[in-house]
Amino acid sequence: MNILVIGAGYVGTTTGLVFAELGHKVTGLDIDSRKIDSLNKGELYFYEPGLEDLLINHLEKRNITFSTNVEKGIHENDVIFICVGTPSNEDGSANLSYIEQVARDIGHYMNGYKVIVDKSTVPIGTSEKVAQWIIKNRLENHPFDVVSNPEFLREGNALHDALYPDRVVIGSSSERATSILKELYKSMTCPVIVITPRSAEMIKYAANSFLAMKISFINELARLCDKLNINIQNISHGIGLDKRIGPNFLQAGVGYGGSCFPKDVDALLDTGFKYDTNLSILEKVVKVNKTQYLYFLERARQTLGSLKQKRIALFGLSFKPQTDDLRESPALYIINELLAENAVIKVHDPIAKLPLDIQMQGVVQYTSPEETAKQVDAILIGTDWPQYKELDWKEIKTNMRTPYVFDGRNMLDANKLKEFGLIYQGIGYK
Ligand code: UDX
Ligand code: UDX
């Protein structure tokens with residue numbers, strides 16, 4: 001099948017490459033010509049394991065190409081995936097202006113039957129709006145269907161998640177569109193569910209909100225575990241073995257970040273507000289998350305005293321490992337808080353780069369964790385990059401001013417560190 005993917009961001013590029021891998025001919029479209037040039041050269045402009053090899057392979061085989069030509073893209077493809085961003089407005093609602101622009105373009109340039117598939121995360125009812133925007137801008141009476149087909153891929157695992165999903169959700173009210181989507185996904189062995197577009201849109205928000213809720217639940221419980229001298233890791237393990245609960249997304253830490261959870265929970269809350277339904281559990285989920293990194297710093301303060309002029313090494317900048325994405329990263333919130341307190345900050349991340357505005361405030365990024373840790377009063381873990389586990393902590397300790405490690409991701413082997421004379425403190429975990 002010939003597929004057009006509009007929006008060659010993180011979601012769109014992965015989606016396009018996965019369809020190329022499944023044997024389809026794909027065109028990736030974006031308004032940003034630098035991204036398009038880079039992708040056409042086989043250079044992935046963001047970090048995602050395995051994706052660049054796939055890009056080079058499918059460019060060579062001519063299974064995928066990237067372009068900024070909207071008219072040509074819409075003319076030559078009958079299946080159009082929308083993967084443009086849906087950032088948050090000031091009030092937490094989702095900004096649909098990019099989706100609207102794409103729908104207008106489709107209406108304007110369509111030259112026959114098109115299936116428009118919305119993969120971007122959008123508020124419930126957006127499929128209907130997309131259809132209206134297309135109709136308003138249609139020059140001729142060409143038929144079309146709008147389908148909601150949310151993605152559930154995690155950054156850092158995108159390829160695996162997209163090739164081997166737990167389920168495919170097709171939100172469609174048209175048999176014609178449903179059979180096209182089923183054909184697209186026919187090689188997938190997971191359950192494929194067909195429901196209304198509204199239900200599909202709700203599933204995406206509900207899934208992300210539920211996962212965010214699990215994280216805030218365990219984070220809040222970790223605060224109590226600190227007081228009761230109980231190890232939260234054992235609690236996560238113990239409850240996670242119950243199949244009804246499951247072991248995932250119970251890792252306590254400095255809170256969730258990224259381009260999805262914070263934005264999507266806010267958007268669902270906003271939908272509740274618009275429909276006069278108070279989603280009070282989600283309000284608390286947000287509240288716990290927004291205060292979790294502050295709780296982490298407060299615990300450090302209780303041990304170190306004031307952080308003013310304290311030399312702090314922060315390990316990890318990205319919102320999670322295996323990505324260079326800094327969107328809503330708890331590590332950046334930690335840096336801002338430390339800056340406000342006049343701490344001296346050194347940072348390390350295997351791939352993410354410290355934003356310029358933070359560099360300008362005197363924060364220095366080093367290329368090795370060992371160098372970052374030299375002569376510091378404490379090390380803070382901001383991201384659970386697995387390589388931090390493998391460091392020579394004995395050696396690191398010898399170069400620190402005082403041997404404190406505050407593990408904001410509960411990722412290190414506390415007993416091993418203590419053997420080396422380090423003073424370790426996790427979250428709900430000593
Ligand atoms: C984003 C959202 O975060 C996610 O919730 C949604 O499901 C899909 O879009 P991501 O791919 O990470 O995911 O966003 P981003 O990297 O910002 O990519 C969006 C791309 O769309 C950008 O490359 C942007 O240039 C492009 N775009 C935007 C267009 O091509 N046309 C437009 O009109 C607007
Ligand atoms: C998420 C969803 O998992 C994915 O299905 C959706 O399509 C997009 O949003 P992503 O944001 O890439 O994916 O990362 P995810 O692995 O879900 O982690 C989100 C945040 O939660 C990270 O900051 C991570 O560190 C944090 N997290 C995750 C925890 O703090 N504890 C956990 O147990 C799991």
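Just so you know, these numbers come straight off a predicted model, no measurement behind them. Read the numbers this way: they start at 1 and go in the same order the structure lists the ligands and their atoms.
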- Task: Give the atoms of ligand 2, by number and element, whose distance to some non-hydrogen atom of Arg409 is under 4.0 Å.
- Result: 25 (O), 30 (O)

- Item | Element-labelled atoms of ligand 2 that are located less than 4.0 Å from some non-hydrogen atom of Lys204 |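 The atoms of ligand 2 under 4.0 Å from a heavy atom of Lys204 are 7 (O).
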
Among protein heavy atoms, which sits nearest to [atom], and what does the distance come to when rounded to 0.1 Å?
{"atom": "atom 21 (O) of ligand 1", "answer": "Gly7 CA, 3.4 Å"}
{"atom": "atom 3 (O) of ligand 2", "answer": "Arg154 CG, 3.2 Å"}
{"atom": "atom 18 (O) of ligand 1", "answer": "Gly9 CA, 3.2 Å"}
{"atom": "atom 14 (O) of ligand 1", "answer": "Arg327 NH1, 3.9 Å"}
{"atom": "atom 34 (C) of ligand 2", "answer": "Phe249 CD2, 3.4 Å"}
{"atom": "atom 7 (O) of ligand 1", "answer": "Thr121 N, 2.7 Å"}
{"atom": "atom 5 (O) of ligand 1", "answer": "Lys263 NZ, 2.7 Å"}
{"atom": "atom 32 (C) of ligand 1", "answer": "Ile31 CD1, 3.6 Å"}
{"atom": "atom 1 (C) of ligand 2", "answer": "Phe261 CE2, 3.5 Å"}
{"atom": "atom 15 (P) of ligand 2", "answer": "Lys320 NZ, 3.6 Å"}
{"atom": "atom 11 (O) of ligand 2", "answer": "Phe319 CE1, 3.5 Å"}
{"atom": "atom 31 (N) of ligand 2", "answer": "Gln251 O, 3.0 Å"}
{"atom": "atom 13 (O) of ligand 1", "answer": "Val11 CG2, 3.5 Å"}
{"atom": "atom 27 (N) of ligand 2", "answer": "Ile215 CD1, 3.4 Å"}
{"atom": "atom 12 (O) of ligand 2", "answer": "Glu155 N, 2.7 Å"}

- Contact between Cys260 and ligand 2, counting heavy atoms under 4.0 Å? yes

- Message: Quick check on Gly257 - does any of its heavy atoms sit under 4.0 Å from an atom of ligand 2?
- Response: yes

Going by heavy atoms in the side chains, are [X] and [Y] under 4.5 Å from each other?
{"X": "Val364", "Y": "Tyr366", "answer": "yes"}
{"X": "Gln101", "Y": "Val84", "answer": "no"}
{"X": "Glu155", "Y": "Ser259", "answer": "yes"}

Salt bridge or not for [X] and [Y], using N-O below 4.0 Å?
{"X": "Lys186", "Y": "Glu183", "result": "yes"}
{"X": "Lys274", "Y": "Asp270", "result": "yes"}
{"X": "Glu100", "Y": "Arg104", "result": "yes"}

Would you please say whether a donor-acceptor pair under 3.5 Å links the side chains of [X] and [Y]?
{"X": "Tyr185", "Y": "Asn149", "result": "yes"}
{"X": "Tyr10", "Y": "Asp325", "result": "no"}
{"X": "Glu328", "Y": "Tyr333", "result": "yes"}
{"X": "Glu76", "Y": "Thr27", "result": "no"}

- Measure Lys35 to ligand 1 on non-hydrogen atoms and call it side chain, backbone, both or neither using the 4.0 Å cut-off. side chain

- Applying a 4.0 Å heavy-atom criterion (strictly less than), which segment of Pro87 is in contact with ligand 1: side chain, backbone, both, or neither?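 No part of Pro87 is near ligand 1 at this cut-off.
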
- Task: State whether Phe406 and Arg299 meet the cation-pi test: NZ (Lys) or CZ (Arg) under 6.0 Å from the six-membered ring centroid, and within 45° of the perpendicular axis.
- Result: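 Relative to the ring axis of Phe406, which defines the angle, Arg299 lies outside at least one limit.
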
Could an N or O of ligand 1 be found under 3.5 Å from any N or O of [X], whether backbone or side chain?
{"X": "Val84", "value": "yes"}
{"X": "Tyr10", "value": "yes"}
{"X": "Asp264", "value": "no"}

- Task: Step through the shown structure and confirm whether more than 12 heavy atoms of other residues, nucleotides or ligands are within 6.0 Å of CD on Glu220.
- Result: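 No, the 6.0 Å shell around CD holds no more than 12 heavy atoms from other groups.
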
- Item | Phe273, CZ atom: more than 12 neighbouring heavy atoms under 6.0 Å | no

- Just say parallel, tilted or perpendicular for the rings of Phe81 and Phe19, cut-offs at 30° and 60°. tilted

- Tightest non-hydrogen contact, residues Asn208 and Phe261, listed as OD1-CE2, 3.3 Å

- Note on the structure: All heavy atoms of Leu307 vs all of Leu338, minimum pair found to be CD1-CD2, 3.7 Å

- Item | Option of least heavy-atom distance to atom 25 (O) of ligand 1 (set: Thr86, Asp30, Val70, Ile99) | Asp30

Pull out every atom of ligand 1 sitting under 4.0 Å from any heavy atom of [X], numbered as shown with elements.
{"X": "Gly85", "result": "1 (C), 9 (O), 19 (C)"}
{"X": "Tyr98", "result": "34 (C)"}
{"X": "Lys119", "result": "7 (O)"}

Is any N or O atom of [X], backbone or side chain, closer than 3.5 Å to an N or O atom of ligand 2?
{"X": "Gly258", "value": "no"}
{"X": "Glu151", "value": "yes"}
{"X": "Leu250", "value": "yes"}

- Message: Asn40: which residues meet the side-chain contact (heavy atoms from CB on, under 4.5 Å) condition with it, sequence neighbours left out?
- Response: Ile36, Leu59, Thr65, Phe66

- Message: Apply ring pair (Phe, Tyr, Trp, His ring centres under 6.0 Å) to residues Phe210 and Tyr205 and explain how you reach the verdict.
- Response: CA-CA 8 Å; Phe210 189 84; Tyr205 276 129; over 10 Å; no

